[in-house]
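The structure appears right after this line, and notes come after that.
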Amino acid sequence: MDLELDGLEVTFDHTAVAAPRIRDLLPIYRDLLGGRHLGGGGDNRVAGYRTLQLTYSNGGKVELMEPLAGSTFFDSFFELTRGRGGVHHLNFHVGDLRAAVAALTARGYRLHGLNEADPRWREVFLHPKEAHGVLIQLAQPGPREADEWRSTLEEVLAGHGRNGNGIASR
């Protein structure tokens, strides 16, 4: 896949890993590999998942994800991975999401999940059938306040991160 997107800036940002419980991912991605919580994270109550990011000494990032109680968001993904989870998607940041969508659509790529509702995070996905089995997220991060509150790892897992539902992770 040509990631130049007709001259648009495209930057790899992170790999997302999903499991039934974020707590099951921490012994590997935090304890063994040395990931440090970036601060922040929380719940997407509409889609039904909780997320947080870890960073590493070279600047790389891994996003950890789990379903919220009662959510079906990861059902087909967990079915494919026999309930264990694994790499869920790769995230690339783009400087202009609308231009990226136009460029990909013009090239015949099928996109889904276009969401421009939140100015802090606009996104679209390139279907795994278009990218050799990998879900690719293209996102245009928006402005953030310099003094914006960023929850601790414990707050996220307790359900008190951004948009938290107040229900602790299992």
Side-chain angles (χ1 to χ4, degrees), residues 1-20 22 25 29 35 37-56 58-68 70-81 85-151 156 161-165:
M1 183 173 99
D2 180 4
L3 285 177
E4 290 180 10
L5 294 181
D6 298 325
L8 295 173
E9 182 182 332
V10 179
T11 306
F12 177 73
D13 188 71
H14 67 267
T15 300
V17 178
I22 287 174
L25 297 170
Y29 292 97
H37 181 235
L38 275 172
D43 298 355
N44 182 324
R45 290 198 233 178
V46 173
Y49 63 84
R50 177 167 290 156
T51 183
L52 60 91
Q53 287 190 358
L54 302 177
T55 186
Y56 297 87
N58 69 352
K61 292 186 283 187
V62 173
E63 179 178 38
L64 305 180
M65 304 176 77
E66 72 180 14
L68 295 175
S71 170
T72 61
F73 182 79
F74 288 116
D75 285 0
S76 62
F77 176 71
F78 288 151
E79 185 177 314
L80 288 171
T81 63
V87 173
H88 183 262
H89 67 269
L90 301 179
N91 171 274
F92 293 84
H93 286 184
V94 295
D96 184 340
L97 186 67
R98 286 185 183 176
V101 167
L104 287 166
T105 302
R107 292 181 185 189
Y109 288 104
R110 290 179 293 168
L111 304 174
H112 67 97
L114 177 63
N115 184 350
E116 297 181 291
D118 183 354
R120 294 169 35 95
W121 187 259
R122 299 168 54 217
E123 66 185 1
V124 70
F125 292 87
L126 184 60
H127 196 280
K129 290 180 182 177
E130 299 285 347
H132 305 279
V134 178
L135 178 62
I136 295 178
Q137 178 187 47
L138 299 174
Q140 181 181 349
R144 310 269 169 124
E145 298 296 323
D147 60 347
E148 181 177 305
W149 169 72
R150 297 186 61 81
S151 53
V156 174
R162 181 173 171 78
N163 298 317
N165 65 6

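Values reported hereafter were calculated over all heavy atoms of this structure, with side chains retained and with hydrogens, waters and symmetry mates removed.
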Quiz item: For the atom pair OG1 (Thr51) and CZ (Arg162), what is the distance rounded to the nearest 0.5 Å?
Solution: 12.5 Å
Quiz item: Closest heavy-atom contact between Val156 and Gly40?
Solution: CG2-O, 3.4 Å
Practice problem: Measure across Ala18 and His88 and return the closest heavy-atom pair with its distance rounded to 0.1 Å. | Solution: CB-CB, 4.1 Å
Exercise. Could you list the residues that satisfy side-chain hydrogen bond (donor to acceptor under 3.5 Å, both in side chains) with Arg110, not counting sequence neighbours?
Key: Glu130
Exercise. Sequence neighbours left out, what passes side-chain hydrogen bond (donor to acceptor under 3.5 Å, both in side chains) with Arg120? Give chain and number order.
Key: Glu148
Practice problem: Return the set of residues passing side-chain hydrogen bond (donor to acceptor under 3.5 Å, both in side chains) with Gln137 (not counting sequence neighbours), or none when no residue passes. | Solution: His89, Asn91, Glu123
Quiz prompt | Closest non-hydrogen atom pair between Ala47 and Ser71, with its separation | solution = O-OG, 3.7 Å
Exercise. Hey, could you give me the CE/CD distance between Met65 and Gln53, rounded to the nearest 0.5 Å?
Key: 10.0 Å
Practice problem: Rounded to the nearest 0.5 Å, what's the gap from CD1 on Ile22 to CG on Leu52? Could you check? | Solution: 4.5 Å
Exercise. Please identify each residue that fulfils ring-ring contact (aromatic ring centres under 6.0 Å, His included) with Phe73, with sequence neighbours left out.
Key: Tyr49
Exercise. Without swapping roles, check the side chain of Asp43 against the backbone of Arg45 for a donor-acceptor pair under 3.5 Å.
Key: no
Quiz item: Roughly how far apart are Phe92 CZ and Asp13 CG, rounded to 0.5 Å?
Solution: 10.0 Å
Quiz item: Can you name the closest pair of heavy atoms from Pro20 and Glu66 and give their distance?
Solution: O-CB, 3.8 Å
Quiz prompt | salt bridge (Lys or Arg N to Asp or Glu O under 4.0 Å) partners for Arg98, two or more places apart | solution = Glu116
Exercise. Check Ser151 against Gly41 and note the closest heavy-atom contact, atom names and distance.
Key: OG-O, 3.4 Å
Quiz item: Which residues satisfy the side-chain hydrogen bond (donor to acceptor under 3.5 Å, both in side chains) test with Gln140, sequence neighbours excluded?
Solution: Arg122
Quiz item: Can you tell me how far the CG atom of Leu64 sits from the NE2 atom of His37, to the nearest 0.5 Å?
Solution: 9.0 Å
Quiz item: Just wondering, do Leu126 and Leu138 contact through their side chains at under 4.5 Å, heavy atoms?
Solution: no
Exercise. State, with a plain yes or no, whether a side-chain heavy atom of Leu38 is found less than 4.5 Å away from one of Arg150.
Key: yes
Quiz item: Do the side chains of Leu114 and Leu97 get nearer than 4.5 Å, heavy atoms only?
Solution: yes
Quiz item: Atom CZ of Arg144 and atom CH2 of Trp121: how far apart are they, to the nearest 0.5 Å?
Solution: 7.0 Å
Self-check item: Shortest non-hydrogen separation from Pro119 to Pro143 and the atoms involved
Solution: O-CD, 4.0 Å
